[in-house]
Number of protein chains: 2
Amino acid sequence: MTESASSARDTEAVSRFVESFAAQLVEAGMQRMPARVFAALLSSDEGSMTSAELGEQLRISPAAVSGAVRYLAQTHMVSREREPGSRRERYRVHGNQWYEALTNREAVIKRWEGALREGVTSLGADTPAGRRMAETLAFFEFIETEIVEMMERWRVHREKKFGQE
Amino acid sequence: MTESASSARDTEAVSRFVESFAAQLVEAGMQRMPARVFAALLSSDEGSMTSAELGEQLRISPAAVSGAVRYLAQTHMVSREREPGSRRERYRVHGNQWYEALTNREAVIKRWEGALREGVTSLGADTPAGRRMAETLAFFEFIETEIVEMMERWRVHREKKFGQE
DNA sequence: CGCTTCTTTCAGAAATTTGTGAAGTTAAGG
DNA sequence: CCTTAACTTCACAAATTTCTGAAAGAAGCG
């Protein structure tokens, strides 16, 4: 109707999607700015944007981009790369691996297990509460190995469906 | 050393555990009060406490207990039961099933899938970004069935290890 | 080397979230 | 019915979080 080629992205629609996807991430516990930045990167065709581009699309300050990106890099959701011949930086989503990071809660699970072990001791292994903790601990240990296997199955499944890219 | 019978709970140690476990829950995204209340319930021998007991142990107002419990009940982490012959209410953790609720992110996953489907449309199924969304969507669909199967395996595993209770 | 362009850090204003006291509501038990 | 024990709701004060502008810090390029 209005725009020219079909290849021109509907900026409005894309932005709506970015915000609604970011909202999901926020609801799942991610901070707002990291969520918005991540959603923007994910919906860019190149899978990467510069700081300036992010600031413009999301209407946020360079400082906000910087903070968000630091968080995302720390959690391995995004990587930073230097644009050759420029002092610009590009932030990139690791194609298909970002959701692996999402399930890669190894460190998180380990901490839970630590807390639970401490719980079994504090409460006494022979008490009802202690037994409840022990069982929960066993659950997390179970989950831990299951997730690894699940991700292996996913990679097989994915390759079949999408090719090895 | 100090206390009498070995059955007397070390209040100090239990409280430390409650707070440290609650801190993990908070880090995982749960609000502070629900996290503390839940941790307290989980480490009680009966697996249940009254509003007054919770308020006393955690040093919080009845209003705070009320708010926390409402949240926990909504998310099926805790159930409320009326104490017969009293107008007290008891809040109870569903023994071994609370962590099932934890993985029962059915609704959450569905919402993600909805957002992603919208994304494929907004971005265009034939664009690089659209394909990235489609693949992510496939991942969530995969996860969804995997989790169900995983929990079935857990129940078998658990019964072997702890008996059917 | 110094200019210029980009990124980061930091203090603080603004917005949001959190927990409380107090008032309101419900229901048991006389 | 009235009293009273318990839970809930609500408005607000306090604490926390979030984002910005401004200044400082790097790094390419002449």
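Lettering follows sequence order; numbering is per chain, from 1.
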For A:Ser43, what residues pass the side-chain contact (heavy atoms from CB on, under 4.5 Å) criterion, not counting sequence neighbours?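 Expected list: A:Val14, A:Phe17, A:Val18, B:Leu123, B:Met133.
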
How close or far is atom [atom2] of [N] from atom [atom1] of [X], stated in whole angstroms?
| X | N | atom1 | atom2 | result |
| --- | --- | --- | --- | --- |
| A:Arg90 | C:dC6 | CZ | C1' | 14 Å |
| A:Glu56 | C:dC6 | CD | P | 13 Å |
| A:Glu53 | C:dC6 | CD | C1' | 14 Å |
| B:Arg70 | C:dT18 | CZ | C1' | 13 Å |
| A:Tyr71 | C:dT9 | OH | P | 17 Å |

A:Thr50 backbone acceptor or donor facing A:Glu53 side chain under 3.5 Å: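 Looks like yes, one N/O pair under 3.5 Å.
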
Can any side-chain N or O of A:Arg88 pair as donor or acceptor with the backbone N or O of A:Ala52 at less than 3.5 Å?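 Side chain of A:Arg88 to backbone of A:Ala52, a donor-acceptor pair under 3.5 Å: no, none is there.
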
I'd like to check the salt bridge (Lys or Arg N to Asp or Glu O under 4.0 Å) partners of [X]; sequence neighbours left out, ordered by chain and number.
| X | answer |
| --- | --- |
| A:Glu149 | none |
| A:Glu56 | none |
| A:Glu118 | none |
| B:Arg153 | A:Glu146 |

What pairs of residues pass the side-chain hydrogen bond (donor to acceptor under 3.5 Å, both in side chains) test when at least one of them lies in residues 22-31 of chain B, not counting sequence neighbours?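 Matches after skipping sequence neighbours: A:Arg111-B:Gln24, A:Arg111-B:Glu27.
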
Within residues 14-37 of chain B: residues closer than 4.0 Å to DNA chain D (heavy atoms):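 Output list: empty, so none.
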
For residues 40-75 of chain B, which residue pairs qualify under ring-ring contact (aromatic ring centres under 6.0 Å, His included), counting only residues two or more places apart or in two chains?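 Passing the test, one end in residues 40-75 of chain B: no pairs.
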
Once ring-ring contact (aromatic ring centres under 6.0 Å, His included) is applied, what residue pairs with a partner in residues 109-150 of chain A remain, sequence neighbours excluded?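 Qualifying pairs, neighbours excluded: A:Trp112-A:Phe140, A:Trp112-B:Phe21, A:Phe139-B:Tyr99, A:Phe139-B:Trp154, A:Phe142-B:Trp154, A:Phe142-B:His157.
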
What does nucleotides 21-30 of chain C look like as a protein-contact string, B for base, S for sugar-phosphate only, - for none, at under 4.0 angstrom between heavy atoms? B------BS-

Which pairs pass salt bridge (Lys or Arg N to Asp or Glu O under 4.0 Å) with one or both residues in residues 58-81 of chain B, sequence neighbours excluded?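 Passing the test, one end in residues 58-81 of chain B: B:Glu81-B:Arg92.
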
Name the first nucleotide and the last nucleotide along DNA chain D (5' to 3') that come under 4.0 Å of a heavy atom in chain B.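 Counting from the 5' end, contacts occupy D:dT4 to D:dT9.
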
